[in-house]
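Reading through the structure tokens given below for one structure.
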Amino acid sequence: MEQGQDKLVNSPICDSNACYESEFTTADGPIKTWLCMTSGYTSNTTMKTNSETVKLVEETTADLIKDLRQDHEPPGGGESLAWFPTVITMPEKGMIFPEPIKGQDDWQWTCVKAVAIPEEEQEKYPDPQNPGTFYKNKMDMKNPLRFDKLCFMDAAEEMGMFKK
């Protein structure tokens with residue numbers, strides 16, 4: 001896989017100039033991806049509105065995310081793509097996800113931070129992907145931080161997404 005040059009472009013969701021565009025080349029050809037750092041919506045060139053990729057996403061994702069889908073041309077133009085709110089999980093830092101307030105049009109970003117699991121309790125948290133190993137962190141669901149639906153970057157910064 002070959003990585004292209006990343007850049008910021010205008011978002012088709014909210015017209016902010018903080019939409020991160022990345023391009024990479026796979027065996028099947030080039031793919032562009034976008035993540036709007038204002039709205040938190042994401043798409044890529046495989047997400048054509050009636051594609052098998054979109055059908056698979058809609059079969060396997062939460063109802064709220066499906067309900068919040070928007071269809072737009074990608075930055076720079078082209079065939080309409082499905083755009084969905086992203087969910088980001090960084091096991092050492094935390095998680096960001098959309099959460100309803102009262103309904104489909106009333107939602108917010110929720111950020112929960114990762115907290116260390118005491119060593120003596122880790123065996124209560126087996127890692128199903130790696131039998132015989134245990135999680136060292138869990139998400140602090142008791143202390144969520146909430147952000148307006150156009151403040152995704154604030155949630156990402158709070159979670160520590162930009163800190164090394």
Q. Can you list the steps and then say if Val57 with Met47 is a side-chain contact (heavy atoms from CB on, under 4.5 Å)?
A. CA-CA 9 Å; Val57 167; Met47 302 288 285; 4.0 Å; yes

Q.
Apply side-chain hydrogen bond (donor to acceptor under 3.5 Å, both in side chains) to residues Thr38 and Ser16 and explain how you reach the verdict.
A. CA-CA 7 Å; Thr38 301; Ser16 79; 2.9 Å; yes

Q | Interatomic distance, Ser80 atom OG to Asn50 atom CG [nearest 0.5 angstrom] | A | 9.0 Å

Q: Flag the pair Gln108 / Lys149 as yes when at least one side-chain heavy-atom distance between them is below 4.5 Å, and no otherwise.
A: no

Q) With side chains defined as the heavy atoms from C-beta onward, is the minimum distance between Lys138 and Tyr125 less than 4.5 Å? A) yes

Q) Less than 4.5 Å apart, any side-chain heavy atom of Trp34 and any of Val9? A) yes

Q) In terms of side-chain heavy atoms, does Trp83 have a donor or acceptor partner in Gln70 at a distance below 3.5 Å? A) no

Q.
For a 4.5 angstrom cut-off between non-hydrogen side-chain atoms, does Ile31 reach Thr26?
A. yes

Q. If you measure from CD on Glu59 to NZ on Lys66, what distance do you get to the nearest 0.5 Å?
A. 8.5 Å

Q.
Measuring only between side-chain heavy atoms, which start at C-beta, is Cys14 closer than 4.5 Å to Cys36?
A. yes

Q | Pairwise side-chain contact, Ile88 with Met161, heavy-atom cut-off 4.5 Å (strictly under) | A | yes

Q: For the residue pair Val112 and Phe97, establish whether any side-chain heavy-atom pair is separated by less than 4.5 Å.
A: yes

Q.
Taking side chain to side chain donor-acceptor pair (under 3.5 Å) as the cut-off, I'd like each qualifying pair that reaches into residues 114-124, sequence neighbours left out, listed once.
A. none

Q: Find the distance between CD (Glu21) and NZ (Lys7) and round it off to the nearest 0.5 Å.
A: 4.5 Å

Q.
Salt bridge check, Asp71 against Arg69: does any charged N sit closer than 4.0 Å to a carboxylate O?
A. yes

Q) Does Glu92 have any side chain to side chain donor-acceptor pair (under 3.5 Å) partners at least two apart in sequence or in another chain, and if so, which? A) Asn137

Q. Does a side-chain N-to-carboxylate-O contact under 4.0 Å join Glu58 and Lys55?
A. no

Q: Would you check if Tyr41 and Thr86 make a side-chain contact, meaning some heavy-atom pair closer than 4.5 Å?
A: no

Q. Is it true that a side-chain atom of Thr60 and a backbone atom of Leu56 form a donor plus acceptor pair closer than 3.5 Å?
A. yes

Q: Could you verify whether a donor N or O on one side chain and an acceptor N or O on the other, from Ser22 and Asp6, lie under 3.5 Å apart?
A: yes

Q. So Met153 and Phe147, side-chain contact (heavy atoms from CB on, under 4.5 Å) or not? Walk me through it.
A. CA-CA 9 Å; Met153 191 177 319; Phe147 299 85; over 6 Å; no

